[in-house]
Every structure is written in C-alpha cells, then in structure tokens.
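Below: one structure, written as structure tokens.
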Amino acid sequence: MLQVQLPDGTIVEHAAHATALDVAEGIGARLAKAVVAAKVGDLTVDAMRPLDDVTSQSPIPLRLLTERDTEALDVLRHSCAHVMARAVMRLFEGVSLAFGPTINNGFYYDFDLKQKLSVDDFEAIEAEMAKIIQEGESFDRFSLGRDEALQLCTDLKQSLKVEHIQTGLAEHEQLGFYRQGEFVDLCRGPHIPDASKIKAFKLLSVAGAYWKGDAKGKQLQRVYGTAWFSPKDQNAYLEQLEQARLRDHRVLGKKHGLYQISQEVGGGLCLWLPKGARVRVLLEDFLRQELLRRGYEPVYSPHIGRVELYETSGHFPYYRDSQFPPLFVEQAGGLVDGWIDRLQSADGLTSEQERQLSEAAKVLGAEIPDYQPESDVESRLAALQAWQRAHERYLVKPMNCPHHAQIFKAQPRSYKQLPLRLMEFGTVYRYEQTGELNGMLRVRGLTQDDAHIFCTQDQVEEEFRNTIELTRFVLESVGLSDYQVQLSLRDPNSDKYVGSEENWAKAESALRKVLEESGLSFHAAEGEAAFYGPKADFMVRDCIGRQWQLGTVQLDYNLPERFQLEYVGSDNAMHRPVMIHRAPFGSMERFVGVLIEHFAGAFPMWLAPEQVRLLPLSEKTNDYALELEKKMTAAGLRVTCDLRGAKVQAKIRDAQLELIPYMAVLGPKEAEAGALALRDRIDGDLGAMPFEAALEKLLDEVRNRTIRQVAKREQTELPETAETGGHEY
RNA sequence: GCCAGCGUAGCUUCAAUCGGCAGAGCACCGCAUUCGUAAUGCGGGGGUUGCGGGUUCGACUCCCGCCGCUGGCUCCA
C-alpha cells in the first residue's frame with residue numbers, strides 16, 4: 001500500500017504502483033479529467049507515472065497540477081515542443097533532434113537538418129501539429145539501461161542524442177524516453193497525459209543556435225513557439241508581445257528624435273540628438289548631485305591610455321578581441337603587433353616569412369636590433385616586445401579603472417583619506433561583435449557613470465552597503481522597480497580568474513552578507529563574475545523580455561595588487577586598499593534605452609525633454625504665449641510655443657503624439673485674465689487656472705520627481721510562468 | 001563572429017500584375033485660413049529602389065558578392 005499526503009494534510013491510501021491520476025480519480029472524476037501533471041515534493045512528475053517509481057518516501061507528499069498551476073503550463077509547453085519535433089520529422093528528411101526545453105512563455109526545439117527552415121514553413125508545421133493534437137495520442141514514458149538506450153537512439157538515427165548519452169549523461173544508469181505514436185525521444189519529462197490538452201499554440205520564430213552552446217560546434221536550427229491551455233490566454237500573450245514591440249526604444253528613439261546610430265558614424269556609436277541628450281543630462285545632473293552629497297570626488301581622465309597601462313591592469317590581454325586595436329605612433333607598430341601574433345600562433349612562421357617581415361619592418365623605418373631569426377621563439381618574442389615597449393602604443397580607453405588607480409597613486413595615501421571615492425562619467429569604447437549590437441542597449445561607445453572606491457578591508461562592507469543603497473535609490477527615483485539582483489560568482493571549474501583563492505572567498509562572502517542583510521531578493525549565478533572579482537548586478541528586462549545588466553557593484557582585490565596600490569595605516573605600515581567598482585546606471589546609453597522602453601517614450605515630468613507646450617488659439621494670442629514661455633523658462637521649465645497657423649485641435653494632437661506631459665491652451669480669455677487652460681497628457685483638459693497656480697503645480701511635479709502612469713490603460717494580466725526551464729536532459 | 005530572414009523618399013505606414021514609364025499617406029516647405037481641447041484647405045520639393053557586378057531589348061523585380069538591419073546563438077570588463 002502507498003500512503004499519499006495531499007496538500008491539505010489528509011492521507012489517502014492506494015495500491016502499489018498507483019499514479020497521481022489514480023489519486024485524482026479517488027477524489028473525483030472531474031479532477032481526474034483536469035489533472036495535467038503532479039508534484040511529488042519539489043519534483044514535477046507525469047500524472048501517469050507510478051508514484052513509488054519516483055520516491056520511496058512515505059507518506060508521499062503529492063500535489064495535483066491542473067491548468068491553473070503555473071508548473072502545468074511548463075509541462076504543456078514541453079509536450080508541445082515534442083509535438084512540434086514530431087511534425088518537423090514528418091515533414092522533413094534527416095532530422096536530428098537536439099534539445100527542446102520550456103522557456104519563459106514558451107518553448108523551443110533545436111534541430112539539425114539539411115532543409116533551411118524559415119517562417120514560411122510554419123504554416124505547414126503548425127498544420128501538422130494541429131493534426132497530431134487532434135489525434136490526441138498519449139505520451140508514454142519508458143526507461144532503458146545505457147546499452148539499450150544507445151542502441152535505440154542509434155536505430156532512430158539520432159546521433160546528437162547518442163553523443164549526449166555518451167557525454168552529458170555519462171553518469172546516468174537509467175535513461176528516460178517518451179513515446180507518442182511513431183515519435184520517440186530521449187527525455188526527462190514530465191509530459192501531459194495526452195496531446196489534446198494543448199488548446200492553443202503558435203510558432204514564433206526560427207534562429208540559429210550552437211549545439212551545447214559551443215560556438216565552435218555544430219550550428220543547429222532553433223524553432224521557438226508558445227502554447228497555452230486556452231486560446232484566450234494565448235491571444236492575451238500575443239497582444240502583449242505586440243504592445244511590447246510598440247515600446248521598442250529603437251523605434252521610439254527614431255520617432256521622437258532621441259538618438260541615432262548611422263552607418264556613416266559607425267555601428268554601435270550613438271549620436272545623442274538634442275532631446276535624448278536632454279534626458280541624459282538630467283540623469284547625470286541628478287546622479288552627480290547625489291554623489292557629491294555622498295562624499296564622492298569628481299575626476300576626469302583621458303580617452304586613450306598607454307597599452308602598458310592596460311597590460312598592467314590585465315584588461316588588454318584578457319579582452320583583446322573585444323577592443324579596438326591599439327593606436328601605434330610608429331608606422332611599423334601594426335606590423336610588429338601582427339608579427340608577434342603569428343609567432344605565438346600554432347602555425348608559427350617560416351624563415352622566409354620572417355625574412356619578409358624583417359624587410360617590411362625596415363621599409364617602415366623599424367630596426368629591431370636584438371632579433372635573431374635562428375634563436376628560440378621566446379627570445380624572438382622578447383626582442384619584438386622590447387621594441388614595442390620602446391615605442392608608444394595607445395589604447396582607446398576600454399575601462400576607467402586603470403586611470404582611477406593612477407589617480408590614487410598620484411600621491412602618498414594615508415588611512416585617514418579612506419575611503420577615497422573617485423567619480424567620473426567616463427566614456428569607453430569596446431569592439432562588440434557585430435551580431436550583438438542592439439540600439440542603445442549594446443553599443444561600442446558608452447559612457448559609464450563610473451566610480452571607484454578605495455577603502456580598507458574594514459570599510460568594505462559599509463561601502464558596499466552604501467553603494468547598494470545608492471543603486472536602489474537611483475532606480476526607484478526613475479520608477480524602475482522591476483529589476484532583479486544577481487550575485488555573480490566565479491565558476492569553480494574555470495581558470496579564467498585572477499587573484500588569490502583567499503581574496504575571492506573574502507570578496508564573495510562579503511557581497512553575499514550585505515545582500516542578505518539588505519532585504520533585496522537576489523539569486524546567485526556561478527560563472528558570471530568578472531575575471532577580477534565577484535559582482536552584484538542589477539538586471540532589468542527590455543520590452544521583449546531580454547535581460548540586461550544595468551547597475552553593478554563589483555569587489556576587486558586584484559587591481560590594487562596589480563597596480564601596487566598602498567596606503568599608510570595607523571600602524572605606520574603600508575597596506576593594500578580594496579577597490580569597489582560601481583555604476584548605478586551602468587551606462588548612460590543602456591540606461592536611457594531601457595528608460596525609453598519603460599516609459600514607452602513618455603518620460604515623467606522631471607525627465608521630459610519638453611515639459612510644457614503652449615498652444616495659442618490663434619495668432620492673436622501668440623504674444624501672450626511668448627510672454628508665458630519666457631516666464632516659465634525663467635522658472636526652470638522646458639517650454640515651447642506652437643505658433644503655427646493651425647487649429648488648436650491639430651496642435652493638441654501633435655503635442656499628444658510627441659508625449660509632452662502638459663499643454664496650455666491660450667485664448668483671449670486667458671490672456672485677459674493672466675491665466676492658462678492646462679491640459680494633462682494623460683487626464684486631458686484640467687480647465688483654466690491662474691498662471692501662478694499652474695506654474696506651482698508644474699514645478700511641484702518636477703521637484704517631487706513624480707512618476708505617473710504611461711497611459712490610461714489596464715495591463716492585461718497573464719498567468720505567471722515559473723522561471724525554471726529545461727525539462728530535457 | 002555564426003545561422004536565418006529582410007533592405008523602395010526623413011518614416012519599423014506602405015504600393016508597384018508575368019521582368020515593361022517608381023507611386024500614395026504622414027512629415028517637410030509655401031500660400032490661404034485666425035479657429036476653444038487628438039488631424040483646415042490648396043499647392044510644392046523630395047528617389048542612382050542599401051552598394052557593386054551579372055543575365056536581359058529592358059531589372060525595385062531574376063542571379064552572384066559585399067554592406068546594413070532584425071531575430072536567435074556565442075561573447076559581454
């Protein structure tokens with residue numbers, strides 16, 4: 001007999017090998033029909049799987065999942081991925097299956113096949129899927145030993161699955177499979193009882209993806225889709241996607257003249273148009289004032305620096321591929337650079353090539369006296385590198401920290417001066433991969449609201465706590481409350497990190513401690529740390545759900561070491577300071593990009609490029625409008641007049657479409673009374689009021705940095721999806 | 001960087017039949033209108049159809065190469 005404990009605590013008894021479905025039937029026929037899957041403890045399992053197959057616990061803690069449970073939606077979607085894979089295999093030859101997990105709001109499946117899939121194929125695939133769902137066949141689980149499993153996948157000509165059993169699943173003795181009709185797939189599950197539960201689905205996009213995420217590996221074709229328990233839910237989701245696209249900062253940025261990226265200037269290089277620049281200046285002023293209040297000291301550093309500076313910091317060797325190449329003062333600089341590169345490469349150089357390089361260097365005016373072609377590679381490299389060091393090479397600044405470290409070193413430091421907080425809106429350049437560039441969110445030239453705090457070990461916690469608090473304050477001031485904090489830790493199995501084991505442990509535990517005390521909810525992510533230290537990253541989603549890192553706080557024991565930073569302690573001995581890198585906005589580009597999407601282009605009063613537009617009813621009141629414009633501008637508002645010979649309705653419409661927070665209609669009546677008829681972008685006509693009263697109201701909204709809703713519209717609520725994913729092996 | 005799709009006027013609003021004279025709307029400019037809370041009327045300018053090559057009597061349309069954009073992957077100090 002099996003003892004099963006239901007969520008309300010009651011215990012029911014069932015025969016051995018009873019399933020969740022059996023339990024549901026014991027409770028009621030309607031429930032049995034509604035059951036999609038079940039939870040045994042934290043594990044989601046098939047409704048049809050014997051409970052004693054999953055656990056030896058007694059009583060067995062069981063929760064039945066129906067379509068009202070978010071976990072059930074994940075199960076549904078994973079099953080839909082199988083249905084899609086089955087349809088694709090029916091329609092195309094030689095399909096190898098890779099992985100097909102559930103993701104946020106949907107699923108995907110990766111395929112390896114000759115035929116290039118495109119959205120044009122979706123109709124046929126969806127029709128085949130509809131047929132499969134109509135047939136309503138069940139998903140049947142079975143389990144095989146390694147040898148049988150390998151044999152089965154070989155028979156099915158599923159080479160990727162064979163590889164996966166041999167590598168990723170090398171430790172597994174038993175492997176789970178699911179069969180639905182002719183379709184059999186290696187899969188951990190769970191699945192819905194049968195395909196008829198899928199009431200709504202849609203394929204959304206197709207894209208490339210690497211097998212097991214390895215860029216050197218095979219490139220697969222990934223088809224994305226979504227699935228729901230009802231067409232109504234799906235329509236709501238599709239509608240939400242559509243709405244989100246209307247917020248795209250790339251579209252709004254162009255439409256409202258906020259910024260521009262043009263091929264003439266270069267990919268990923270942002271031109272801040274006056275309106276966008278206005279928003280940025282307001283944000284920078286806001287933060288600068290806040291930082292001055294909190295004991296930061298402004299500094300400035302140049303846009304380029306000697307390559308050696310970044311060699312010392314470690315940035316140059318580590319990020320070489322994603323930096324703009326060095327600037328060489330000597331003509332032969334690039335040649336020598338490439339020479340070193342070839343010498344270090346696996347292929348090396350033939351003696352003939354070396355002779356040619358030496359000749360070419362001579363032509364370019366470079367004598368490399370110590371270079372002996374017959375000596376070993378190390379000596380030849382040393383000769384070339386010596387030449388490099390003797391000749392100036394500069395890097396377009398990829399980071400501000402080495403410069404700030406130099407500012408710390410500019411004079412002897414005492415513990416009495418710590419913490420030293422150096423701030424700079426520093427513009428840096430990084431050669432991001434072409435495929436990564438994305439509007440303002442991923443660019444090649446960006447300005448960080450950077451600062452570096454140099455402090456003693458004892459001050460780390462306090463300083464870290466302050467920066468976390470500052471970041472929260474900044475984000476909340478602009479109404480960004482929907483962010484996630486990620487504690488980015490090192491990957492214990494990787495060797496890309498620098499610094500001692502001891503310092504890493506210290507840094508990671510300090511970060512974790514402060515985050516825990518802060519009350520912020522955060523999740524740890526192994527392998528996400530910077531090469532020099534752990535980070536607390538503030539992540540936000542863009543309009544189509546992609547996550548971006550905005551603010552960041554990073555602990556660094558490494559750079560002080562590399563730059564040999566020291567201060568005199570109270571014991572009159574030299575000590576090494578700790579560095580904290582922090583940027584509440586992250587970069588001005590990304591932050592403004594996210595804000596555009598967050599507000600759908602309708603900035604709150606305190607950030608709006610244009611706050612008020614004055615609309616004279618006719619030319620008769622133009623002078624009055626100009627007079628008010630002068631007064632309001634003097635009071636610190638950003639105001640313009642619409643003096644066109646158009647009707648007021650047209651002027652209102654344009655101002656509405658330009659998302660200007662307030663309009664003021666000015667006719668003879670207002671001019672007579674020294675008044676204005678205020679119109680709110682969201683609430684409409686507020687009626688006439690004395691000029692002074694209106695001015696106070698407007699200034700108040702600026703001073704309070706009031707955040708208002710974007711529009712008069714209720715958000716459609718969607719059923720939440722669990723953040724998990726990956727039901728596949 | 002990789003895979004796929006897409007590039008027509010300032011516009012992520014788009015048309016152009018089978019390969020047969022590149023055309024609208026919005027925006028812009030000019031003139032008239034002097035108006036009370038989301039579009040006044042009339043007129044005008046604006047194009048090497050992303051770039052380069054090819055096929056053809058003839059290419060926005062078909063083919064090849066490049067560039068860019070979009071989605072995703074990889075990367076992200």
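Letters go in sequence order (proteins before strands), and every chain restarts at 1.
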So with a 6.0 Å cut-off around NZ of A:K218, is the heavy-atom count from everything else above 12?
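Open.
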[X] side-chain N/O to [N] phosphate OP1/OP2 under 4.0 Å:
X	N	result
A:R250	B:U70	yes
A:K212	B:C73	no
A:R222	B:A4	no
A:R679	B:G36	no
A:K254	B:U12	yes
A:N438	B:G71	yes
A:K620	B:C35	yes

In whole angstrom, give me the gap between the [atom1] atoms of [N] and [M].
N	M	atom1	value
B:U55	B:C64	P	15 Å
B:A27	B:C11	P	15 Å
B:A15	B:U8	P	11 Å
B:G47	B:U40	P	28 Å
B:C29	B:C18	C1'	40 Å
B:U48	B:C3	P	32 Å
B:A22	B:G46	P	16 Å
B:A16	B:A24	P	15 Å

Watson-Crick or G-U wobble partner of [N], both distances under 3.5 Å:
N	answer
B:C28	B:G44
B:A39	none
B:G52	B:C64
B:A4	B:U70
B:A59	none

Using only modelled atom types and a 3.5 angstrom limit, is any donor from either the side chain of [X] or the base of [N] paired with an acceptor on the other?
X	N	result
A:E264	B:G68	no
A:S322	B:A77	yes
A:Y210	B:G1	yes
A:R430	B:C75	no

Only one of A:R613, A:K651, A:R653, A:R681 forms a salt bridge (Lys or Arg N to Asp or Glu O under 4.0 Å) with A:E658, so which one is it?
A:R613
When A:E432 is tested against each of A:R442, A:R444, A:R590 for salt bridge (Lys or Arg N to Asp or Glu O under 4.0 Å), which residue passes?
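Only one of A:R442, A:R444, A:R590 forms a salt bridge (Lys or Arg N to Asp or Glu O under 4.0 Å) with A:E432, namely A:R442.
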Provide, to the nearest angstrom, the distance between the [atom1] atom belonging to [X] and the [atom2] atom belonging to [N].
X	N	atom1	atom2	value
A:L550	B:C76	CG	C1'	14 Å
A:R681	B:A38	CZ	C1'	13 Å
A:D110	B:C2	CG	P	19 Å
A:Q433	B:U70	CD	C1'	17 Å
A:D680	B:A38	CG	C1'	14 Å
A:L113	B:C3	CG	C1'	12 Å

Start at the 5' end of RNA chain B and walk down; is the nucleotide closest to A:K669 or to A:S118 reached first?
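Comparing both residues, the 5'-ward one is A:S118.
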Could you tell me whether the side chains of A:D450 and A:H581 share a donor-acceptor contact shorter than 3.5 Å?
no
Looking at A:Y483, A:W548, A:F591, A:F522, which hits ring-ring contact (aromatic ring centres under 6.0 Å, His included) with A:F538?
A:Y483
Nearest-0.5 Å distance that lies between atom CG in A:L666 and atom CG in A:L617
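These two atoms lie 8.5 Å from each other.
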Determine, answering yes or no, if A:Y319 is stacked on B:A77 under the 5.5 Å centre rule and the 30° plane rule.
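Stacked: ring centres under 5.5 Å, planes under 30°.
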